[in-house]
Each structure stands twice: as C-alpha cells, then as structure tokens.
Amino acid sequence: MMPQLQRLILHPLAGKIFLCVLASVYLVYLVAFVRFLSTSLSAPPQTIIEHPVNTNPDVAVKHWTAASMRDATDVDQQIGPAFDLTQGSNDTSQGKAAQQQGQPPRNGNLSYPLSTVGKVFFSNRAGQDLVCSGTAVVSSNQSVVDTAGHCLYWNGDWVQNLIFCPLYENGRTPFGCWAARDLEVPSDWLGAKPNDYHHDFGMAIVSPNSQGVLTDLVGGAGWANNQPVNQPYYAYGYPAAYPFDGQTRKSCEGSIGKSWQHGGGTVVSIPCNMTGGSSGGPWFIKISGNWYLNGHNDFTSIIQLGHMFSPYYDDTWYALYDKAQHT
C-alpha cells in the first residue's frame, strides 16, 4: 500500500489531484469542527431541573403560624462542614461578565435593596419545619426568589410548604408571605457529591399573594455574574443558630472576597460570623453606585474559620435564573 501511495504522489498530475482532495477533506472537517465548537459555546451551560409545586398557595401559607415560624430549625444544622478547599486564583473570568440593574419597590419609602431580603420557611419530607434566607430578584415574571439549592432540594427530596417572607422581623412582615409554585436547581446539584457546594444554586418562583406580585411590592434586586472576586461584598441573612435567634436580619458588610477551588468549581469566601439559617441570604456588590446580587450565604469550613462561603455566580447561575424568570 505504502509504495503505491508514494508512486502516486511522485506523479505530478496525480500528486496535484491528491493534494486537492486532501485539502477538501481537511476543509470539511474544519468547518464541522467550527460548527461543533460554536454549538457547544452557545448551548446552555447547565440543564435546569424544575419541580412544580402542587400545594395550593393558601394552604402553604396557612401551614405557617407564628409558633411554627419561631420553632423552625435552621437547615444548615443538617449539613457537614466542607473540607475540599484549595486557594484559587481571583481571576475567575470563566464567562462573559454581565449585569442587570434592579427594580425598586412600587412604594419608594422602603429601603432598597434590603427590602428584597427575606426569610424562607419550608418543611422536609419528614415534616420538620426549617428555615433559610432569600432574595427577591428582578425578573420578567416579577416572582423569582434566589436562595441556596440545599434550601430547595436536600437528601434526595424536594422541600414542601415553601414560603418567602421579605422584611421579616420578630414574626412580622409588612406585606405578608409568598408561597412557591415552582422550585428549580441545576442538574449537577441533584447529583452533587457530599460536601460539594460549588453549584448550590436555587430559585423559587412564587405565586402572587393577597397584596400582589412579589417584586412590585418589595422590589427586585439587580444581579451580576462572572464578576471579579477581589472586591467588597455586603452579605445579609437571618442566622438562627447560636448566638443568633433568626428573628432579625444580620449582615457582614464590606468584606473582601477570596477565591477557592471546591468540588470541581469555584467558590468565594468572606470574613463573616453568620450561622445556620442565613443560607441563601444575598451577597451584594456595588458597581457604579448600583447594588447587584452576586452571591449568597452557603456553607462554612473548618479550613477557614470565621468565614462564609458562596458559590461563584457563573454561567450556570445565569442559566438557572433565566429559566426561573420565564417559568
């Protein structure tokens, strides 16, 4: 075979024909590769898992009395500390940076964007009442709440009776609470290995309550993703584990972020003493004088005591958000 091929190439006309055919084949493969690459880059970075809620919103809200809200346990007591952490580069340009300005509440008297921060109540399959924190986000449907994935799906089950109560304080909330009609998380959160929180994202889509749609009344926080890590963060939430009681909003303001590699992805840490119950509470950053959601309280680690960690808000976070705002 090889001697025949050599003779073919040595013949001037045959050689030219062979080279033309070879060039044509190469061009076909090159075009196919470019199309494949283009399709891969434009495809959604993550499959989103949707869980429609069958419970009537009024039933979910009525489940929560003042006593059950007060006695609900912080969900983070059921999560072990993360050990798989290595210092990462603060150059986290994994995708194109993007941002969207927020929507202040209809009533301009509320303190925006803190008016978007609230407490999340829900029950697990065993009937235990639990708490997290969350944020009303600007969205097409005016009904999206950003929180941690483990506040929506944990230990192989979706939660039940989830409600969001913005501006919660000592059992009171000025506009009532909104019940979830749909829960969504990235597919890799459902299949995440133990102590892997790098895509611990969650979105709850809520039904209108008796006063109206969510962000019309309390506003919707602006958002940003694929942002630099080395900048000040302003974290808020409702820590319920000692020394806190979960009845008032707490904060860690102006702390500089640090990047880590964890579970095959990037997470961010800031100095912060908030405890269980604050999970899902927002991390805001400031760009040109405007506030943007760019993280949330998620987990702690004995490797970096006195710090709170958030998943890095990347293209997967955006895919989840975009799905939620069109649900």
Side-chain angles (χ1 to χ4, degrees), residues 50-66 68-69 72 99-123 129 131-148 151-152 158-184 201-223 236-238 246-249 280-282 284 290-293 296 320-327:
E50 179 182 358
H51 176 70
V53 176
N54 296 324
T55 306
N56 183 288
D58 292 336
V59 173
V61 171
K62 288 178 181 177
H63 171 84
W64 294 98
T65 64
S68 62
M69 286 182 174
Q99 64 199 59
Q100 180 175 334
Q101 202 162 323
Q103 168 200 331
R106 181 178 62 190
N107 181 350
N109 295 329
L110 295 178
S111 178
Y112 173 84
L114 294 184
S115 58
T116 67
V117 184
K119 197 162 180 175
V120 176
F121 295 90
F122 54 95
S123 308
D129 289 337
V131 292
C132 275
S133 301
T135 314
V137 188
V138 62
S139 56
S140 297
N141 57 19
Q142 297 184 292
S143 301
V144 173
V145 177
D146 181 84
T147 188
C151 301
L152 307 183
W158 294 94
V159 304
Q160 302 173 339
N161 299 318
L162 187 141
I163 63 171
F164 175 63
C165 305
L167 292 164
Y168 178 93
E169 184 173 1
N170 291 311
R172 297 183 298 275
T173 179
F175 299 105
C177 300
W178 280 260
R181 61 176 173 83
D182 203 278
L183 307 176
E184 297 177 359
F201 301 128
M203 300 279 177
I205 301 90
V206 298
S207 297
N209 70 4
S210 60
Q211 299 200 47
V213 293
L214 177 63
T215 61
D216 186 39
L217 291 166
V218 303
W223 57 263
Y236 300 89
Y238 288 84
Q247 295 305 302
T248 56
R249 185 182 64 224
F284 292 119
N290 295 312
W291 295 98
Y292 298 89
L293 174 70
H296 65 249
L320 175 64
Y321 160 77
D322 194 49
K323 173 70 170 65
Q325 73 166 339
H326 292 106
T327 297

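Counting begins at 1 with the first residue of the sequence.
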Less than 4.5 Å apart, any side-chain heavy atom of [X] and any of [Y]?
X	Y	answer
C177	M69	yes
L162	V120	yes
L214	P166	yes
Y112	P105	yes
I163	W178	no
V137	V145	no

Between [Y] and [X], is there a side-chain donor-acceptor contact under 3.5 Å, judged purely by atom types and distance?
X	Y	value
Q325	S140	yes
H63	S123	yes
D182	T327	no

Mind checking the [atom1]-[atom2] spacing from [X] to [Y]? Nearest 0.5 Å is all I need.
X	Y	atom1	atom2	result
I205	H51	CD1	NE2	11.5 Å
S139	D146	OG	CG	11.0 Å
D216	Q211	CG	CD	11.0 Å
L217	S115	CG	OG	10.5 Å
S143	M203	OG	CE	13.5 Å
Q100	W223	CD	CH2	5.5 Å

Tell me, with the steps shown, if N209 and V61 meet side-chain contact (heavy atoms from CB on, under 4.5 Å).
CA-CA 9 Å; N209 70 4; V61 171; over 6 Å; no
Would a line drawn from the ring center of Y168 to the ring center of F121 be shorter than 6.0 Å?
yes
Taking every non-hydrogen atom, the tightest pair across [X] and [Y]:
X	Y	result
T135	P282	OG1-CB, 3.0 Å
P208	V213	CG-CG1, 3.9 Å
G219	A136	O-CB, 3.6 Å
T147	C132	OG1-CB, 4.5 Å

Is [X] reaching over with its side chain to a backbone N or O of [Y], donor-acceptor style, under 3.5 angstrom?
X	Y	answer
S133	Y238	yes
T173	G176	yes
W64	N161	yes
S207	R181	no
K119	G246	yes

Pair T248, N170 - check side-chain contact (heavy atoms from CB on, under 4.5 Å), show working.
CA-CA 6 Å; T248 56; N170 291 311; 4.0 Å; yes
Evaluate the criterion side-chain contact (heavy atoms from CB on, under 4.5 Å) for residue pair T215 and V138; output intermediate values, then yes/no.
CA-CA 7 Å; T215 61; V138 62; over 6 Å; no
Fit a plane to each ring of Y236 and F284, take the angle between them on a 0 to 90° scale, and name the class: parallel (under 30°), tilted (30 to 60°) or perpendicular (over 60°).
tilted
Run the numbers on E184 and F201 for side-chain contact (heavy atoms from CB on, under 4.5 Å), then give the verdict.
CA-CA 9 Å; E184 297 177 359; F201 301 128; over 6 Å; no
Working note: E169 + R249, criterion salt bridge (Lys or Arg N to Asp or Glu O under 4.0 Å); need CA distance, chi angles, decisive distance, verdict.
CA-CA 7 Å; E169 184 173 1; R249 185 182 64 224; over 6 Å; no
